[in-house]
Amino acid sequence: MWLTSIPLMTAYSGWFKLFDFILLHSLLAVGLYYLTPQTSGRWQGEKPDSVRLALHAAWLGRASLAPVFWPFFLMLNGVWLLIDYRARSSDFTIPSWDTAHWMLLLPLFAWLVAVWRCSPYCQHRIWSAAARWAGLAVVIDLLLRVYIRHVAPQWLFDCMQLSRILYEC
């Protein structure tokens with residue numbers, strides 16, 4: 001998360017510098033900590049027998065936070081890292097980059113809802129707030145990626161791909 005979007009935004013845009021970004025997210029993290037309810041401490045959650053039941057329990061907010069948060073968070077960042085690397089090396093076309101993001105949109109929404117609902121079920125309140133902050137940070141990163149794609153694609157993509165798209169339009 002942010003390995004591509006934040007360096008591109010701080011280097012090429014006049015919106016903000018790295019200090020502004022750190023200050024904004026620090027304030028967001030502190031605000032989320034105070035808005036997050038107290039955790040239940042030792043709550044273990046349901047022990048479902050299948051993946052379908054585990055996803056259902058996560059969606060309803062009846063699962064522990066760690067098994068809901070980490071698998072999709074790691075997979076999402078791995079996919080974003082891969083498609084950004086492939087886009088920079090000109091192995092990935094711009095429509096393929098868009099398709100990869102569109103394919104992750106619905107699972108991302110489901111993950112955000114599950115993380116938000118399951119966040120009170122962890123050991124400490126700080127982890128609950130951190131999980132909610134990471135969910136919002138993923139959304140901010142996705143919005144920055146959309147901005148880069150539509151407003152300044154030359155920051156990320158090869159010029160030959162851009163000339164083909166502009167020529168077809």
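Annotation: side chain of Ile83 is not in contact with side chain of Arg86 (no heavy-atom distance under 4.5 Å). In this structure, the side chains of Leu55 and Val51 come closer than 4.5 Å at one or more pairs of heavy atoms. In this structure the side chain of Tyr85 never reaches within 4.5 angstrom of the side chain of Thr4, judged on heavy atoms. At a threshold of 4.5 Å between non-hydrogen side-chain atoms, the residues Leu143 and Tyr147 do not count as touching. Inter-residue side-chain proximity for Phe73 and Trp111 is flagged as met; some heavy-atom pair is nearer than 4.5 Å. Counting heavy atoms from C-beta on, the side chains of Val138 and Leu76 come closer than 4.5 Å.
Note on Leu60 and Val113: same hydrophobic cluster, where clusters join Ile, Leu, Val, Met, Phe, Trp and Tyr whose side-chain heavy atoms are under 4.5 Å apart, directly or indirectly. Transitive grouping of hydrophobic side chains (ILVMFWY, heavy atoms separated by less than 4.5 Å) brings Trp70 and Leu104 into a common cluster. In the hydrophobic clustering of this structure, Phe109 does not group with Trp133; members are Ile, Leu, Val, Met, Phe, Trp, Tyr whose side-chain heavy atoms approach within less than 4.5 Å, directly or through other members. Using a 4.5 Å cut-off between side-chain heavy atoms of Ile, Leu, Val, Met, Phe, Trp and Tyr, with links allowed through other members, Leu28 and Phe19 fall into different hydrophobic clusters. Leu106 and Trp80 sit in two unconnected hydrophobic clusters of ILVMFWY residues. Membership requires side-chain heavy atoms under 4.5 Å apart, directly or through other members.
Within 6.0 Å of atom CE in Met75, more than 12 heavy atoms from other residues, nucleotides or ligands are found, so the atom counts as buried in its surroundings.
Heavy atoms only, all atoms of each residue included: Ala114 and Val68 are closest at CB-CG1, 3.7 Å. Between Pro37 and Pro120, the shortest heavy-atom distance links the atoms CG-CG, 4.4 Å. Between Arg125 and Thr36 the shortest heavy-atom distance is NE-O, 3.1 Å. The two residues Cys118 and Gly61 come nearest to each other via the heavy atoms SG-CA, 3.6 Å. Residues Leu144 and Ser5 approach most closely at CB-CB, 3.9 Å, considering heavy atoms. Between Ala87 and Phe92, the shortest heavy-atom contact is N-CB, 3.7 Å.
Here the CG atom belonging to Leu24 is positioned 8.5 Å from the CG atom belonging to Asp20, to the nearest 0.5 angstrom. The CG atom of Leu8 sits 7.0 Å away from atom CH2 of Trp155, with the distance rounded to the nearest 0.5 Å. Between atom CG of residue Leu74 and atom CG of residue Leu81 there is a gap of 12.0 Å, rounded to the nearest 0.5 Å. One distance of note links CZ of Phe157 with CG of Asp84; it measures 8.0 Å at 0.5 Å rounding. Rounding to the nearest 0.5 Å places CG of Leu32 at 5.5 Å from CG of Leu136.
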Asn77 and Leu3: side-chain contact (heavy atoms from CB on, under 4.5 Å), yes or no, with the steps? CA-CA 9 Å; Asn77 285 301; Leu3 292 176; over 6 Å; no

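Among residues at least two apart or in separate chains, side-chain hydrogen bond (donor to acceptor under 3.5 Å, both in side chains) pairs with a member in residues 98-107 are Asp98-Arg149, His101-Arg145.
Not less than 6.0 angstrom separates the ring centroid of Phe69 from the ring centroid of Trp127.
With sequence neighbours left out, Arg117 forms a salt bridge (Lys or Arg N to Asp or Glu O under 4.0 Å) with no residue at all.
Judged by distance alone, the side chain of Arg132 and the main-chain N or O of Val115 form no donor-acceptor pair under 3.5 Å. Asp141 contributes no side-chain N or O that, together with a main-chain N or O of Ala137, makes up a donor-acceptor pair within less than 3.5 Å.
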